Amino acid sequence: MDTVFSISLPRRTYTVAIVRDMLGALLSRSGLCQECVDDILLSVSEACANAIEHGGPNAGYEVETEFAPGWYEMRVSHSGRAPDMAALADRFTSPHTPLPGLETESGRGISLMRYLMDEVDFRGEPRTTVILRKRATSCDPEHAGENPHARFALL
């Protein structure tokens, strides 16, 4: 894989728009369909928002992307605490994933990432990293509709 994009940013909300603009331009120029570009941008935006909110003592966070034939991988990392993997596994492997109430302002990011991406992974130590992967074939008419029930990415 060749690294295409890497940036360190301050943990400020305005930086999410910067990531979206820069990454959106790269993805669009790569030939990926607009639906997949939109899925990636929303997922990365959610991961950036989590890094800003939960980033720990460090004042910044990083976004890296690697594009390979057939795959797009994005990593968002920060120095904050990693989510409890056992709790995530319990929450997302149950037959009915509970969603936050309608009045709740947060708590939907991981569900969105899992729905929009082909793979979602979390790594901890020394930094918490959210890894998002999208197959380039997701929008290929040849592969469309292969398994409409397997929409959610695995943790």
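Nothing here was measured: the structure is a model prediction, and the numbers come from that model.
- For the atom pair CZ of F5 and CD of E66, the computed distance is 13.0 Å after rounding to the nearest 0.5 Å.
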Exercise. Evaluate the criterion side-chain contact (heavy atoms from CB on, under 4.5 Å) for residue pair L23 and V44; output intermediate values, then yes/no.
Key: CA-CA 9 Å; L23 184 56; V44 169; 3.9 Å; yes

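- The distance from atom CZ of R11 to atom NE2 of H54, rounded to the nearest 0.5 Å, is 10.0 Å.
- How far CE of M22 is from CD1 of I7: 4.5 Å, rounded to the nearest 0.5 Å.
- The CD atom of E35 lies 9.5 Å from the CG atom of L116; values are rounded to the nearest 0.5 Å.
- Using a 4.5 Å heavy-atom threshold, the side chains of S77 and R123 count as separate.
- Contact annotation: the side chain of V120 never approaches that of I110 to less than 4.5 Å [non-hydrogen atoms, C-beta and beyond].
- V16 approaches A49 most closely through the heavy-atom pair CG2-N, 4.4 Å.
- Side-chain N/O atoms of N50 and E46 include no donor and acceptor closer than 3.5 Å.
- Between the side chains of Y115 and S43, no donor N or O sits under 3.5 Å from an acceptor N or O.
- At least one side-chain heavy atom of I131 sits less than 4.5 Å from a side-chain heavy atom of R133.
- No side-chain N or O of T129 forms a donor-acceptor pair with one of R75 less than 3.5 Å apart.
- The SG atom of C48 sits 10.0 Å away from atom CZ of R20, with the distance rounded to the nearest 0.5 Å.
- Contact of the Y72 side chain with the C36 side chain is not registered, since no non-hydrogen atoms from C-beta on lie closer than 4.5 Å.
- Salt-bridge annotation for R135 and D118: present, with a side-chain N of the basic residue lying under 4.0 Å from a carboxylate O of the acidic one.
- Panel note: side chain T15, backbone R12; a donor-acceptor pair is recorded below 3.5 Å.
- Side-chain atoms of Y61 and S79 form no donor-acceptor pair, as typed in the model, at a separation below 3.5 Å.
- The pair E62-R127 meets the salt-bridge criterion, with a side-chain N (NZ, NE, NH1 or NH2) lying under 4.0 Å from an Asp/Glu carboxylate O.
- For the atom pair I40 CD1 and M117 CE, the distance stands at 5.0 Å (nearest 0.5 Å).
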